[in-house]
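Not measured: the values here are computed from a predicted model.
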Amino acid sequence: MQERILILDFGSQYTQLIARKVRENNIYCEIHPYTHIPPLSQDIKGVILSGSPYSVNDPDAPKPDLGPIRGKFPLLAICYGAQLLVNMDGGKVASAGSREYGRANLSYIDTACPLFKGVPSNSQVWMSHGDTILEYPAHFHVTCSTPDVKACGYSIENEPTYALQFHPEVYHSVDGFTILRNFLTDICRCQADWTPDNFVKACVEDLRKEIGSDEVILGLSGGVDSSVAAVLLHKAVGKQLHCIFVDNGLLRKNEFADVLASFKGLDIEVTGVDASNLFYSALKGVTEPEAKRKAIGKTFIDVFEAEAKKFKNARYLAQGTIYPDVIESAPVKGPSQTIKSHHNVGGLPEKMNLKVVEPLRALFKDEVRRVGRSVGLPGRLLDRHPFPGPGLGIRILGEVTAPKAAILQEVDAIYINALRQEGLYDKVWQAGAILLPVHSVGVMGDERTYEQVVALRAVNSTDGMTADWSRLPFDFLGRVSNEIINKVRGVNRVVYDISSKPPSTIEWE
């Protein structure tokens with residue numbers, strides 16, 4: 001049985017980051033809302049309480065029953081979690097007067113506390129809270145302080161419980177990784193066996209048991225998630241896997257042929273379906289972004305269903321769902337608001353009486369790539385930038401037509417190829433071009449032109465939740481702009497997007 005760390009989520013913006021840091025220690029963990037604590041089985045080696053936007057003094061503050069956990073499992077309480085334990089045991093938590101936010105330094109560390117093994121004095125930490133601990137119970141012992149916060153961390157007598165008012169999971173807490181590692185390895189005694197090779201072995205065995213002799217269909221996109229899922233399934237069930245790759249006319253230049261060729265080389269069966277004209281017809285006259293996404297999603301389902309029906313013995317539909325998708329489907333405050341539609345192939349399993357299988361649902365994006373390398377997927381598939389499900393359909397602002405798609409494919413190809421040639425592609429998290437619904441005046445030769453404008457976008461990020469615009473060299477942008485205007489008929493102006501997320505999104509629609 002896979003040992004695990006349980007993370008109880010109180011709604012903190014950093015909860016996923018805690019999980020990522022735990023897994024960087026090769027230790028498996030799961031995030032669960034505090035409202036749905038799973039059965040506390042013996043494979044749970046420790047529990048972490050997250051931060052929260054709430055104050056423990058709020059009338060509706062999260063206050064779960066921790067009786068089954070405290071004293072029975074090693075416990076690390078972070079920020080709100082630390083204040084919650086003080087509040088539950090009769091201590092005093094109140095407003096700090098001014099918000100304690102930003103860098104601070106540990107002026108006192110209890111060197112006997114196992115949590116701080118190897119952490120130097122004056123270590124920098126990151127604070128982010130409005131409340132502070134004013135009075136703590138007698139059986140609580142301070143383990144670290146800053147000049148402004150005496151009870152910056154504490155332990156609880158006669159139980160393996162530790163707490164921190166700062167966030168060890170964020171980059172600005174310089175020794176935060178060491179602190180988390182001490183909790184996981186020295187206090188929880190985890191074995192650190194969550195590795196790509198071990199995951200592949202267990203996943204393939206589980207898939208064989210689940211699918212048996214049945215056949216399974218996978219909607220291939222050519223992206224990282226579906227590609228890794230395809231290889232895992234192929235390892236498990238071989239020729240029982242049937243991949244379907246739909247060309248919606250909104251892929252990158254030559255992508256349809258390139259992906260088919262890549263999977264042919266992996267000996268994985270892929271059926272390619274060119275449905276470009278169906279998608280263009282569905283998008284005729286549609287300009288509103290969400291309406292475009294729904295039109296693309298519906299058409300995809302129709303095309304995919306028609307193709308999938310040809311596999312009479314199929315009983316499973318495989319999807320490239322990853323762990324952030326699972327977490328977001330059960331948030332602390334209930335179902336999240338739909339910001340963008342068209343994720344996976346909603347509605348198909350029920351409609352076709354298929355069972356869903358999701359080989360990657362336990363993995364973060366970076367873990368998917370590591371697993372992909374473990375099973376031998378080539379870098380040209382693994383290291384690709386994220387690409388939106390609706391493709392260029394949401395990078396063509398306004399109505400989508402075949403001529404506009406052809407223009408954007410050429411622009412995008414010049415831009416992406418230039419990034420690769422200049423050694424910049426792997427330094428950028430995601431890049432792409434956007435065709436704007438405006439024309440601008442230009443002069444080409446001796447003629448006045450009135451043609452379209454394209455915007456280039458490049459961002460740096462770790463998970464897409466936040467992103468900063470990439471500082472690409474000006475001379476590089478100049479060369480790319482010149483090449484696009486000279487080679488792509490219909491474009492006479494190129495601009496560069498310098499907006500970050502938030503407040504902007506990565507895609508324009």
Side-chain angles (χ1 to χ4, degrees), residues 220-228 231 245 250-263 265-266 320 322 364-392 394-396 405 407-435 454-488 491 494-501 504-508:
L220 194 68
S221 70
V224 175
D225 300 338
S226 67
S227 297
V228 175
V231 173
F245 183 31
L250 304 170
L251 303 173
R252 284 180 154 145
K253 184 179 179 180
N254 299 328
E255 185 169 19
F256 186 59
D258 289 346
V259 170
L260 290 176
S262 293
F263 277 86
L266 294 170
I322 61 176
F364 285 105
K365 191 77 168 187
D366 54 333
E367 293 176 308
V368 174
R369 285 194 167 94
R370 288 200 291 272
V371 167
R373 288 187 177 88
S374 177
V375 296
L377 265 177
R380 67 180 180 276
L381 289 176
L382 280 181
D383 297 327
R384 295 180 61 196
H385 290 173
F387 190 65
L392 300 181
I394 58 168
R395 292 182 179 176
I396 298 171
I407 289 174
L408 189 55
Q409 284 174 334
E410 294 298 328
V411 171
D412 181 82
I414 290 171
Y415 182 32
I416 297 300
N417 288 339
L419 286 169
R420 291 187 186 279
Q421 291 168 5
E422 294 289 328
L424 295 170
Y425 185 85
D426 292 334
K427 296 178 181 179
V428 170
W429 189 74
Q430 182 174 345
I434 300 94
L435 185 65
V454 293
L456 304 182
R457 181 78 158 135
V459 298
N460 290 327
S461 180
T462 55
D463 52 18
M465 297 179 69
T466 62
D468 192 18
W469 63 279
S470 301
R471 273 67 171 173
L472 297 178
F474 289 160
D475 57 346
F476 167 80
L477 291 172
R479 289 194 299 273
V480 171
S481 172
N482 190 57
E483 186 176 356
I484 289 170
I485 292 170
N486 284 338
K487 292 185 176 179
V488 184
V491 175
V494 177
V495 299
Y496 187 58
D497 184 348
I498 59 170
S499 307
S500 295
K501 176 186 179 181
S504 303
T505 52
I506 295 175
E507 300 293 344
W508 281 39

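Residues G222 and S226 approach most closely at N-OG, 3.6 Å, considering heavy atoms. Across all their heavy atoms, A431 and R252 have their closest contact at O-NH2, 2.8 Å. The heavy-atom pair separating R384 from G223 by the smallest distance is NH1-N, 3.9 Å. Q430 and P388 make their closest contact through NE2-CD, 4.5 Å (heavy atoms, listed as atom of the first residue, atom of the second, distance). The two atoms that bring L250 and P390 nearest to each other are CD1-O, 3.6 Å, heavy atoms only.
Of the possible donor and acceptor atoms, one in the side chain of E367 sits under 3.5 Å from a partner among the backbone N and O of F364. Side chain of S470 to main chain of L472: no donor-acceptor pair is present (N/O by atom type, distance under 3.5 Å, no hydrogens or angles). Side chain of R369 to main chain of D225: no donor-acceptor pair is present (N/O by atom type, distance under 3.5 Å, no hydrogens or angles). Proximity of a side-chain donor or acceptor of N482 to a complementary backbone N or O of G478 within less than 3.5 Å is not detected. The backbone N or O of L477 lies less than 3.5 Å from no partner atom in the side chain of S481, so there is not a single donor-acceptor pair. Panel note: side chain H385, backbone Y425; a donor-acceptor pair is recorded below 3.5 Å. Distance alone, capped at 3.5 Å, is enough to place a donor-acceptor pair between the R457 side chain and the S499 backbone. A donor-acceptor pair is defined here as one N or O able to donate and one able to accept, closer than 3.5 Å; no such pair exists between the side chain of Q421 and the backbone of A418.
Salt bridge absent: D258 and K253 never bring a charged side-chain N and a carboxylate O closer than 4.0 Å.
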I434/V454 under side chain to side chain contact (heavy atoms under 4.5 Å, CB included): CA gap, chis, key distance, verdict: CA-CA 6 Å; I434 300 94; V454 293; over 6 Å; no
Chi angles and distances behind the side chain to side chain contact (heavy atoms under 4.5 Å, CB included) call for V428, V459: CA-CA 6 Å; V428 170; V459 298; 5.9 Å; no
Derivation and outcome, salt bridge (Lys or Arg N to Asp or Glu O under 4.0 Å), residues R420 and D383: CA-CA 12 Å; R420 291 187 186 279; D383 297 327; over 6 Å; no
Verdict with reasoning, I322 to V368, per side chain to side chain contact (heavy atoms under 4.5 Å, CB included): CA-CA 8 Å; I322 61 176; V368 174; 3.9 Å; yes
Residues V495, L456; criterion side chain to side chain contact (heavy atoms under 4.5 Å, CB included); working and verdict: CA-CA 6 Å; V495 299; L456 304 182; over 6 Å; no
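Residues Y415 and E410 are not in side-chain contact: their nearest non-hydrogen atoms beyond the backbone lie 4.5 Å or more apart. L266 is listed as a side-chain neighbour of L377, based on a closest heavy-atom distance under 4.5 Å. With contacts defined as side-chain heavy-atom distances shorter than 4.5 Å, the pair E507/K501 does not qualify. Using a 4.5 Å cut-off on side-chain heavy atoms (C-beta onward), V228 and L381 make no contact. At least one side-chain heavy atom of D412 sits less than 4.5 Å from a side-chain heavy atom of R395. D468 is not listed as a side-chain neighbour of S461, based on a closest heavy-atom distance of 4.5 Å or more. In this structure the side chain of F245 reaches within 4.5 angstrom of the side chain of L251, judged on heavy atoms. By the 4.5 Å heavy-atom criterion applied to side chains, V491 and V411 are counted as neighbours.
Atom CD1 of I396 and atom CG of L435 lie 6.0 Å apart (nearest 0.5 Å). Here I414 contributes atom CD1 and L419 contributes atom CG; the two are 12.0 Å apart, rounded to the nearest 0.5 Å. Taken from CD in Q409 to CD in E255, the straight-line distance is 9.5 Å, to the nearest 0.5 Å.
Ring geometry, W469 versus Y496: the interplanar angle exceeds 60°, so the pair is classed perpendicular (tilted spans 30 to 60°).
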